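Here the structure comes first, spelled out in structure tokens, and everything after it is commentary.
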Number of protein chains: 2
Amino acid sequence: MATRTDASTRREQILKEAARLFAERGFHGVGVDEIGAAVGISGPGLYRHFPGKDAMLAELLVGISGQLLTGGRRRVAEAGAGAAGGPGAVLDSLIEGHIDFALDDRPLITLHDRELDRLRDSDRKLVRQLQRQYVELWVEVVRDVHPELAEPPARAAVHAVFGLLNSTPHLSRPKLPGRTATAALLHAMARGAFASAAEAAAKA
Amino acid sequence: MATRTDASTRREQILKEAARLFAERGFHGVGVDEIGAAVGISGPGLYRHFPGKDAMLAELLVGISGQLLTGGRRRVAEAGAGAAGGPGAVLDSLIEGHIDFALDDRPLITLHDRELDRLRDSDRKLVRQLQRQYVELWVEVVRDVHPELAEPPARAAVHAVFGLLNSTPHLSRPKLPGRTATAALLHAMARGAFASAAEAAAKA
DNA sequence: CCCTCAGGTTAGCGCTCGTTAACCCATTTC
DNA sequence: GAAATGGGTTAACGAGCGCTAACCTGAGGG
């Protein structure tokens with residue numbers, strides 16, 4: 001029989017392909033037949049693994065939001081505990097983690113801020129809550145590094161930097177510099193953006 | 001009879017409501033009946049003004065892209081001609097224009113990078129071409145201000161800053177600082193992001 | 001006074017989509 | 001060796017969609 005890891009493969013395979021298709025053509029733009037075809041089964045076979053199309057999107061979005069949040073918390077705990085490098089190191093770790101995610105799971109990042117409104121109310125509330133906690137985590141760290149920033153502009157700045165970091169899906173692959181170069185570029189830009197936000201706030 | 005400007009009002013009204021609805025729930029998520037209802041007529045009455053639902057989206061996207069490009073070109077010509085303030089002033093003008101657009105036409109900005117793939121091939125090609133020219137305009141100006149930046153990272157940086165500036169639709173309205181404060185914040189962040197990108201490039 | 005016509009209306013067609021029903025077949029379990 | 005079960009199939013249904021057809025109306029223009 002299939003091993004434990006093989007048994008979960010089919011579900012994960014479906015989720016992965018669904019994420020790609022949803023990101024490419026939008027939730028309403030892809031049919032269940034296409035998702036099935038992408039994993040080699042056809043149409044209603046998916047209903048052996050998921051109660052419906054909505055459930056796939058919900059599981060994807062909840063998974064992404066949760067992963068981002070727990071990963072961020074882990075990094076804050078780790079980088080904060082050592083206290084080597086000061087609060088700046090914590091922010092660097094957060095940025096690095098988000099960049100890794102944006103570069104490695106591009107379809108998921110795309111879905112994350114594009115298809116939230118297609119969820120059932122309860123799922124949407126959950127995802128929103130996870131997202132909000134993730135933002136608050138960032139806001140605290142950013143204000144630790146830049147105490148001149150009041151909370152509302154800090155929150156706006158965090159959202160803006162998310163926009164910056166999540167811009168990678170818009171770039172056509174071949175024109176990009178290498179992955180590490182891109183990551184370094186985005187990292188520098190994020191830090192610079194925060195620094196300038198703090199400067200502007202201090203001046204005003 | 002209706003005057004010339006009144007005659008165009010209904011069309012514009014439809015486009016405006018369609019943009020809002022498309023941005024809120026996605027192109028496939030909105031029916032023609034809803035668009036009609038939003039302007040006080042119902043369903044198929046829209047076909048007196050547009051050949052189809054696709055045509056509304058196409059007109060919106062082409063309009064946005066064209067407006068951004070011509071506005072950008074105008075600003076480059078104006079700010080570049082005076083030569084007062086050097087190349088930095090040109091970049092500031094570009095940033096300012098983009099921020100105005102992002103803050104004043106939030107649904108359009110959302111559509112702009114979200115629903116491009118729902119267009120007919122010819123329309124999509126046109127929009128892509130306009131977008132590319134707009135990016136190239138920015139790349140030239142940015143490299144004028146930061147000559148250390150090679151072209152590929154400059155292009156990536158421009159895309160990233162677009163993501164930053166276009167993040168405003170994600171922010172819930174009431175929590176934002178005032179419009180001018182938000183604009184100033186975004187402006188500072190954009191400049192800082194470019195500067196840091198150039199710094200990082202010079203170091204590498 | 002009729003004609004035209006812009007700009008609506010409602011009814012309904014045809015298609016696509018998500019979902020269910022009914023059936024099938026390996027493989028495991030007792 | 002039968003029975004149960006996981007994972008798949010095809011057929012078909014019902015709803016919703018974009019769009020067309022056919023009809024209506026009120027305001028100019030000759």
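Computed from heavy atoms alone, side chains included, the values below leave out hydrogens, waters and symmetry copies. Numbers restart at 1 for each chain; the letters A, B, ... are given by sequence-line order, proteins then strands. Predicted model, so just to flag it, every value in this text is computed and none were measured.
- Remark: the backbone N or O of B:A89 is not paired with any side-chain donor or acceptor of B:S93 at under 3.5 angstrom.
- Computed from coordinates, the A:R11 CZ to D:dG6 C1' distance equals 14 Å when rounded to whole Å.
- A:H98 is listed as a side-chain neighbour of A:N166, based on a closest heavy-atom distance under 4.5 Å.
- Proximity of a side-chain donor or acceptor of A:E115 to a complementary backbone N or O of A:F27 within less than 3.5 Å is detected.
- The residue B:G31 sits close only to the backbone: its heavy atoms come under 4.0 Å of sugar-phosphate atoms, none of a base.
- The distance from atom CG of A:L46 to atom P of C:dT19 is 10 Å, rounded to the nearest whole Å.
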Are any protein N/O atoms closer than 3.5 Å to N/O atoms in nucleotides 11-14 of chain D? If there are, list each pair with its distance.
none

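- In the region residues 115-126 of chain B, proximity to DNA chain D at under 4.0 angstrom, judged on heavy atoms, holds for none of the residues.
- No engagement by A:V39 is indicated, since no non-hydrogen atom pair under 4.0 Å with the nucleic acid exists.
- Ring pair B:W138/B:F194 is tilted by interplanar angle, where 30° to 60° counts as tilted.
- A donor-acceptor contact shorter than 3.5 Å links the side chain of A:S196 to the backbone of A:G192.
- One can place CD1 of A:I41 at 5 Å from P of D:dG8, the figure rounded to the nearest angstrom.
- Residue pairs meeting the salt bridge (Lys or Arg N to Asp or Glu O under 4.0 Å) criterion with at least one partner in residues 90-99 of chain B, sequence neighbours excluded, are B:R75-B:E96, B:D92-B:R191.
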Criterion side chain to side chain contact (heavy atoms under 4.5 Å, CB included) on B:M56 and B:I35, from CA distance to verdict: CA-CA 11 Å; B:M56 300 181 207; B:I35 302 173; 4.3 Å; yes
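- Nucleotide C:dC17 holds its C1' atom 12 Å from the NE2 atom of B:H28, rounded to whole Å.
- Using a 3.5 Å distance cut-off with no hydrogens or angles, the side chains of A:Q131 and A:R128 do not pair a donor with an acceptor.
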5'-to-3' dot-bracket of DNA chain C (Watson-Crick, G-U; under 3.5 angstrom; crossing pairs as [ ]; | other strand): ||||||||||||||||||||||||||||||
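- Within a heavy-atom distance below 4.0 Å of DNA chain C, the residues of residues 47-57 of chain A found are A:Y47, A:R48, A:G52, A:K53.
- For residues 35-56 of chain A, there are no salt bridge (Lys or Arg N to Asp or Glu O under 4.0 Å) pairs, not counting sequence neighbours.
- In this structure, B:R155 contributes its side chain and B:V135 its backbone to no donor-acceptor pair below 3.5 Å.
- Judged by distance alone, with hydrogens and angles left aside, the side-chain atoms of A:R20 form no donor-acceptor pair with the main-chain N or O of A:P107 at under 3.5 Å.
- In terms of modelled atom types and a separation under 3.5 Å, the side chain of B:R118 and the main chain of B:H28 share no donor-acceptor contact.
- Rounded to whole angstrom, the span from the CD1 atom of B:I35 across to the C1' atom of D:dG16 amounts to 15 Å.
- Taking CG of B:D105 as the reference point, atom CD1 of B:I64 lies at 8.0 Å (rounded to 0.5 Å).
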